[in-house]
> 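The structure follows.
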Amino acid sequence: MAGICAQALPQAQQAAITPGTQSPAASQGTPANGPHPPQYYVWKKAHDAQLLVDFGGLGRFKEADAKLAAPKPGENRVVFMGDSITEDWKLENSFPGKPYLNRGISGQTSPQMLVRFRQDVIDLNPKVVLIMTGTNDIMENTGPMTVEQSGEAIASMADLATANKIQVVLCSVLPSSEFAWSPALKPAPRIVELNAWIRQYAAEKGYVYIDYYSAMKDERGGLPPALSDDGVHPLPAGFAIMAPLAQAGIEEALKRRHD
């Protein structure tokens, strides 16, 4: 089972680069040891308070999900499930006219996504779900996690989707060589390890795998400045590379649905 990678598609046109809409410290964080920027501690206090009252972030899309009509006959509804990288993705620009739903929440880890997976994916009756998670697991946003623990949460989401006849597309973690707001962490080798797990699991289960990582990494195993201004979140030029890979993955998943 081949993954979706850059070599399989024409090189995307790079969009104009504009600054990100959120600072990293405002949207991400980690309890790892070591010094952090001052904004981190403000974020951390609010983040930890939120975990106590709504660990999975069920309140974020609850109203929107309830108002969403059922898919129309023949509609290929797709849900993008993820964290801030997904949340920042303007799907209406990358996939104009497509019935694609963005259910990304900034800062979330894979266990948090698992908590809201029924509400934000299954109950929306999509044909396909793209699951992209792992960056915040490595950032330890809800505590230290092993690759195996991240894999268990990803596998559980995939199992739930499969049980509800939703085609699964597993996405690689994007490259990152450092987290500026958590300098003690060294994410590059851990991202490689987690991506190897995701790729292997997709192959074993027959899921589509999208390899954003190989299409975007630089020589350090990070995101180059042309694609990200903080080393984690893509600029429009980064999403321009990701969009055709995602579309190819969706089309392959829809094809398998009819096989």
> Is there a donor-acceptor pair closer than 3.5 Å between any side-chain N or O of D54 and the backbone N or O of G59?
yes
> Are M81 and V168 linked, directly or through other ILVMFWY residues, by side chains that come within less than 4.5 angstrom of each other?
yes
> Can you get from W197 to I138 by hopping between Ile, Leu, Val, Met, Phe, Trp and Tyr side chains that sit under 4.5 Å apart?
yes
> Nearest heavy-atom pair of P234 and L174: which atoms, and what distance?
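Shortest heavy-atom separation between P234 and L174 comes out as CG-CD1, 3.5 Å.
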> What are the two closest heavy atoms between N136 and Q108, and how far apart are they?
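For N136 and Q108, the tightest heavy-atom pair comes out as ND2-O, 2.9 Å.
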> With heavy-atom distances below 4.5 Å as the criterion, would you say the side chains of V129 and V169 are in contact?
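In short, these two side chains do not touch, never coming nearer than 4.5 Å.
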> Hey, could you give me the CE/SG distance between M242 and C171, rounded to the nearest 0.5 Å?
7.5 Å
> Could you state the interatomic distance from CE (M132) to OG1 (T86), rounded to the nearest 0.5 Å?
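Those atoms lie 3.5 Å apart.
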> Can we say E252 and R256 salt-bridge, meaning some charged N sits less than 4.0 Å from an Asp/Glu carboxylate O?
yes
> Verify side chain to side chain contact (heavy atoms under 4.5 Å, CB included) between M139 and S182, making sure each step is shown before the conclusion.
CA-CA 8 Å; M139 287 187 192; S182 294; 5.9 Å; no
> Residues two or more places apart in sequence or in another chain: which of them pass side-chain contact (heavy atoms from CB on, under 4.5 Å) with L114?
S156, M157, L160
> Treating S177 as the side-chain partner and A188 as the backbone partner, does any N or O pair qualify as donor plus acceptor under 3.5 Å?
no
> I need the S106 OG to I85 CD1 distance, nearest 0.5 Å.
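Between atom OG of S106 and atom CD1 of I85 there are 10.0 Å.
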> To the nearest 0.5 Å, what is the distance between CZ (F61) and CG (N102)?
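Answer rounded to 0.5 Å: 6.0 Å.
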> Considering all heavy atoms of both residues, which atom of L124 and which atom of R103 are nearest to each other, and what is their separation?
CD1-NE, 3.9 Å
> Could you report the tightest heavy-atom contact between P189 and K186, atom names first, then the distance?
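Taking P189 first and K186 second, the nearest heavy atoms are CD-O, 3.6 Å.
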> So does E148 have more than 12 non-hydrogen atoms from other groups sitting under 6.0 Å from CD?
yes
> So, for L235 and A226, which heavy atoms are closest and what is the spacing to 0.1 Å?
CD1-O, 4.1 Å
> Under 4.0 Å between a Lys/Arg side-chain N and an Asp/Glu carboxylate O for E87 and R60?
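Yes, E87 and R60 are salt-bridged.
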> For F80, give me all partners under ring pair (Phe, Tyr, Trp, His ring centres under 6.0 Å), at least two apart in sequence or on another chain.
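Applying ring pair (Phe, Tyr, Trp, His ring centres under 6.0 Å) to F80 gives W89, F95, Y100.
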> Y213 and V192: which non-hydrogen atoms are nearest, and at how many Å?
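Smallest interatomic distance, heavy atoms only, reads OH-CG2, 3.4 Å.
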> Flag the pair K90 and E92 as a salt bridge only when some basic side-chain nitrogen lies within less than 4.0 angstrom of an acidic carboxylate oxygen.
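Not counted as a salt bridge, because no side-chain N and carboxylate O are separated by less than 4.0 Å.
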> Quick one: does S176's side chain have a donor or acceptor within less than 3.5 Å of a partner on G231's backbone?
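Yes; at least one donor-acceptor contact below 3.5 Å.
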> Do the side chains of R190 and D137 get close enough for a salt bridge, i.e. N-O under 4.0 angstrom?
no
> Within 45 degrees of the ring normal and closer than 6.0 Å to the centroid, is that where the cationic atom of R199 sits relative to Y209?
no
> Scan I191, N195, I210 and name whichever one has a side chain to side chain contact (heavy atoms under 4.5 Å, CB included) with S172.
N195
> Donor-acceptor pair, distance only, cut-off 3.5 Å: does the side chain of Q112 make one with the backbone of T109?
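Between the backbone of T109 and the side chain of Q112 there is a qualifying donor-acceptor contact (under 3.5 Å).
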> Before giving the answer on side chain to side chain contact (heavy atoms under 4.5 Å, CB included), spell out for I122 and I166 the whole-Å C-alpha distance, their side-chain angles and the decisive distance to 0.1 Å.
CA-CA 8 Å; I122 295 171; I166 301 168; 4.2 Å; yes
> Show the numbers, then the answer: is there a side chain to side chain contact (heavy atoms under 4.5 Å, CB included) between D120 and R116?
CA-CA 6 Å; D120 289 348; R116 64 185 178 93; 2.8 Å; yes
> Before you tell me yes or no, could you show the steps for Q167 and K127 under side chain to side chain contact (heavy atoms under 4.5 Å, CB included), namely the whole-Å CA-CA distance, both residues' side-chain angles and the distance that decides it to 0.1 Å?
CA-CA 6 Å; Q167 290 294 309; K127 290 184 179 178; over 6 Å; no
> From L170 CG over to D211 CG, what is the distance, rounded to the nearest 0.5 angstrom?
12.5 Å
> What distance separates K98 NZ from L101 CG, expressed to the nearest 0.5 Å?
14.0 Å
